[in-house]
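Step one of this worksheet: look at the structure below.
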Amino acid sequence: MGLQWMVLTCVVAVETAIVVLLTLPWPRQLKSSIVALVSMIVQPAVSILPFAGFHLLDIHWKNEHRQMCSAEVCTPEELFHYEKSVFKAQRNVILCVLSCLLYW
């Protein structure tokens, strides 16, 4: 599962670089060649949308079925692992949403 998140992180980084390249002021000919290159890259990259959507559904399902850990029931170590998993889930949601927004 970690490899999938690494791929998604790389895709978000590439999409961010593309957005930066497209928003910089370039000469007209260079900008048209950059736009042509980006359009060739973007068409096959549409597969990232279902990939990110699937991961969002997976995160939602795991969040709904996660065992709650409160201070009275859990040890401090278990509480730390619970909070760490919540933070990871939040980070992954941000990655999925960013990949969809930057692709759009």
Side-chain angles (χ1 to χ4, degrees):
M1 195 71 172
L3 180 62
Q4 294 171 347
W5 292 113
M6 189 64 190
V7 167
L8 195 59
T9 304
C10 291
V11 167
V12 168
V14 168
E15 287 176 347
T16 304
I18 288 172
V19 167
V20 168
L21 279 175
L22 290 177
T23 57
L24 289 175
W26 299 100
R28 188 171 299 277
Q29 289 180 344
L30 185 60
K31 186 157 186 145
S32 65
S33 64
I34 290 173
V35 168
L37 177 67
V38 167
S39 67
M40 288 181 356
I41 292 171
V42 166
Q43 288 174 352
V46 76
S47 62
I48 198 64
L49 295 176
F51 185 71
F54 170 75
H55 282 299
L56 280 173
L57 289 174
D58 185 45
I59 291 169
H60 175 70
W61 186 85
K62 286 179 181 176
N63 188 36
E64 290 293 320
H65 295 89
R66 180 179 291 150
Q67 293 179 349
M68 298 303 289
C69 185
S70 62
E72 301 113 20
V73 179
C74 297
T75 65
E77 184 176 333
E78 290 172 335
L79 187 61
F80 173 74
H81 287 294
Y82 173 77
E83 290 174 350
K84 186 178 174 183
S85 71
V86 169
F87 290 138
K88 277 180 145 180
Q90 290 171 347
R91 179 201 62 200
N92 293 339
V93 166
I94 290 170
L95 271 175
C96 289
V97 170
L98 275 177
S99 68
C100 294
L101 283 177
L102 288 173
Y103 184 82
W104 176 57

Would you say the side chain of [Y] lies within less than 4.5 Å of the side chain of [X], judging by non-hydrogen atoms?
{"X": "Arg28", "Y": "Ser32", "result": "no"}
{"X": "Leu30", "Y": "Ser33", "result": "yes"}
{"X": "His60", "Y": "Leu56", "result": "no"}

For the [atom1] atom of [X] and the [atom2] atom of [Y], what is their distance to the nearest 0.5 Å?
{"X": "His55", "Y": "Trp5", "atom1": "NE2", "atom2": "CH2", "answer": "5.0 Å"}
{"X": "Tyr82", "Y": "Arg66", "atom1": "OH", "atom2": "CZ", "answer": "6.0 Å"}
{"X": "Ser99", "Y": "Ile94", "atom1": "OG", "atom2": "CD1", "answer": "12.0 Å"}

*Of Gln90, Glu83, Lys84, which is the lone residue that meets side-chain contact (heavy atoms from CB on, under 4.5 Å) with Val86?*
Gln90
Quick check on the hydrophobic clustering: are [X] and [Y] connected, directly or via other members, by side-chain heavy-atom contacts under 4.5 Å?
{"X": "Val97", "Y": "Trp61", "value": "no"}
{"X": "Met6", "Y": "Phe87", "value": "no"}
{"X": "Phe54", "Y": "Leu57", "value": "no"}

_Looking at every heavy atom in both Cys96 and Ala52, which two are closest together, and how far apart are they?_
SG-O, 3.7 Å
*Nearest non-hydrogen partners of Leu79 and Cys74, listed with the distance*: N-CB, 4.2 Å
*Is there a donor-acceptor pair closer than 3.5 Å between any side-chain N or O of Asn92 and the backbone N or O of Lys88?*
yes
Review item, side-chain donor-acceptor pairs of residues 14-25, under 3.5 Å, at least two apart:
{"unit_1": "Thr16", "atom_1": "OG1", "unit_2": "Val12", "atom_2": "O", "d": "2.7"}
{"unit_1": "Thr23", "atom_1": "OG1", "unit_2": "Val19", "atom_2": "O", "d": "3.0"}
{"unit_1": "Thr23", "atom_1": "OG1", "unit_2": "Val20", "atom_2": "O", "d": "3.1"}

